[in-house]
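Everything below concerns the one structure shown next.
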Amino acid sequence: MAILEIIRAKRDGKALSQSEIARFVSELADAKCPPEQAAALAMAIYLNGMNFDETAMLTKAMAASGVIMDWRACDVSGPVIDKHSTGGVGDKLSLILAPLVAACGGFVPMVAGRGLGHTGGTIDKLESIPGYRTDLSLDDFITTVKTVGCAIISQAGHFAPADGPLYAIRDVTATIESTPLITASILSKKLAAGVQGLVMDIKTGNGAFMVEESAAQALGEAMIGVGKALGMPIRVMITDMNEPLGSAAGNALEVRECLDWLTGARREARLDTVTRRLALEMLEMGGLADGASRIQRAISSGEVAERFSSMVAAQGGPTDLIDNPDRYLAKAPVIRPVPAPKSCRLVSVNTRSIGEAVVRLGGGRNWLGDSIDGSVGYSDIVPIGTSLEAGEPLAFVHAASDEAADQGVADYIAACSVGDGNPDSHPLIRTVLY
């Protein structure tokens, strides 16, 4: 059975068999499938979809391409739960949630990804911390989860290795938004990592892959359905991405914002609200009672910050990152305000355009082999509804050169709609599906 025949079958709208899916996944895992053929099949799936059975078979095959964890055999003393986001601009939730849930009694073995298209990736953010290793050995991963309560590693290697090349192909071939590919990519890693329950944060809005809420709901229902077939309970939160989440977009800048949240120096309201609600859903899924009280105690006591510091140190990063962020996080050579063009109110933003502007600054990838500049992006992003005088900053651009900063300023202004009218209003948490 040739991969070409499998591509042809899906191109023609046929359902793939278990053996066809197994063949494709096996060749991906063994690096025998040429990138152009993987791209062709990804596009065929994007255009023609997959039914429920196909998606479940793809998920299981991708999980079975590597190690499948059994945390009960590792004697962990609490529920093993995780969270995953479909991605957005400024979405740094995982960096906060993993240590927060760990501080509340859960265990979070998080297998995360890199940036896709205009969205940032958890692994790219963490790799802006000098020394932080996302490629832990399996033994080190287990030890870190057991001793710290959480670890965040890259998808390459032990868990669902077949997903790595397909994930990278999707990033550069406009096939990111495929519901079956999203479902299989996420759940294969979670199944392999041995999580007992998963909370999905599905973004919707102009900065999300699922622009329409109906598409986000359809993905959520697909995730819950496939999860049931796999024996993995899943809850879905659909949250707003019509503006960046938090006040920063860009890898090291988002790490710095997380440090501010952890220490209490600054907690942007939307980021704080979604963080606490996702944590509460995770604790409830894990059977940990009094979730809201646990969360507040963990935050106010400083335990969350300690867990984050322990995770960073255990994975090779500096032990004093929280106390000395300027010593470790790269700073762009050019930092410049993005001035409001007139006295006005920020009415709306094209969030996707802001994410694309970060990529143009060097904070994301256009090609598989592109390197990332962790220092670039935007900070001090003002929320929709803010009133400004002419020249007051809408944000600050962090760039590698004056020319790049000029472009970054122009891009940001172009993404903003200003005026005297009422700002766009969208519920931050749209709905929760079970």
If you take all heavy atoms of Arg352 and His118, which pair is closest and at what distance? NH1-CE1, 3.3 Å
Stepwise side-chain contact (heavy atoms from CB on, under 4.5 Å) check, Thr144 with Leu136: CA-CA 9 Å; Thr144 302; Leu136 295 183; 4.0 Å; yes
Strictly distance-based, threshold 3.5 Å: is any side-chain N or O of Thr275 a donor or acceptor partner for the main-chain N or O of Leu271? yes
So which atom in Val349 and which in Asn242 form the shortest heavy-atom distance, rounded to 0.1 Å? CG2-O, 3.4 Å
Got a donor-acceptor contact below 3.5 angstrom from the Ser310 side chain to the Val148 backbone? no
Residues Asp201, Lys83: salt bridge by 4.0 Å N-O rule: no
Is there a side-chain contact between Ile182 and Met210, using heavy atoms and a 4.5 Å cut-off? yes
Using side-chain contact (heavy atoms from CB on, under 4.5 Å), reason through Arg267 and Glu257 one step at a time and then give a plain yes or no. CA-CA 8 Å; Arg267 291 181 180 138; Glu257 184 177 6; over 6 Å; no
Residue among Val89, Leu93, Asp240 satisfying side chain to side chain contact (heavy atoms under 4.5 Å, CB included) with Leu245: Leu93
Atom CZ in Arg256, atom CG in Asn251: separation rounded to 0.5 Å? 13.5 Å
Under 6.0 Å between the ring centres of Tyr412 and Phe396? no
Taking the side chain as C-beta and beyond, is there a heavy-atom pair between Ser309 and Leu321 under 4.5 Å? no
Closest contact, heavy atoms only, Val145 versus Ala151: CG2-CB, 3.8 Å
Charged N-O contact under 4.0 Å between Lys14 and Asp12: no
d(Ile299 CD1, Leu262 CG) to nearest 0.5 Å is 9.0 Å
Do the side chains of Lys342 and Glu392 get close enough for a salt bridge, i.e. N-O under 4.0 angstrom? no
Under 3.5 Å, is there a donor-acceptor pair linking the side chains of Gln315 and Thr134? no
What is the distance from atom CD of Glu27 to atom SG of Cys33, rounded to the nearest 0.5 Å? 6.0 Å
Assess whether side-chain contact (heavy atoms from CB on, under 4.5 Å) is satisfied between Lys203 and Asp91, documenting all intermediate values. CA-CA 10 Å; Lys203 305 294 187 186; Asp91 180 3; 3.4 Å; yes
Arg235 and Glu284: side-chain contact (heavy atoms from CB on, under 4.5 Å), yes or no, with the steps? CA-CA 10 Å; Arg235 295 186 181 188; Glu284 288 180 355; 3.1 Å; yes
Locate the shortest heavy-atom distance separating Thr204 from Val211; write the atom from each residue and the value. OG1-O, 3.1 Å
Residues Glu243, Arg270: salt bridge by 4.0 Å N-O rule: yes
Compute whether any side-chain donor of one residue and acceptor of the other, for Asp140 and Ser137, lie under 3.5 angstrom apart. yes
OH/Tyr328 to CG/Asp320 distance, rounded to the nearest 0.5 angstrom? 3.5 Å
Ionic contact status for Asp380 with Arg266, cut-off 4.0 Å: yes
Can you spot which of Arg114, Lys189, Lys190 makes a salt bridge (charged side-chain N to carboxylate O under 4.0 Å, His left out) with Asp163? Lys189
Donor-acceptor pair between Arg276 and Gln296 side chains, under 3.5 angstrom: yes
What's the shortest heavy-atom distance between Gly408 and Tyr378, and which atoms? O-OH, 2.7 Å
Do the side chains of Asp406 and Arg336 get close enough for a salt bridge, i.e. N-O under 4.0 angstrom? yes
When rounded to the nearest 0.5 angstrom, what distance separates OG in Ser348 from CG in Asn422? 12.0 Å
Got a salt bridge between Asp411 and Arg360, using NZ or NE/NH1/NH2 to carboxylate O under 4.0 Å? yes
Of all the heavy-atom pairs spanning Thr179 and Ala222, show the shortest one and how long it is. CG2-CB, 4.0 Å
Short side-chain donor-acceptor distance under 3.5 Å, His398 and Ser379: yes
Is there a side-chain contact between Glu254 and Ser128 (heavy atoms, below 4.5 Å)? no
With rounding to the nearest 0.5 Å, note down the distance linking NZ in Lys32 to CZ in Phe24. 15.0 Å
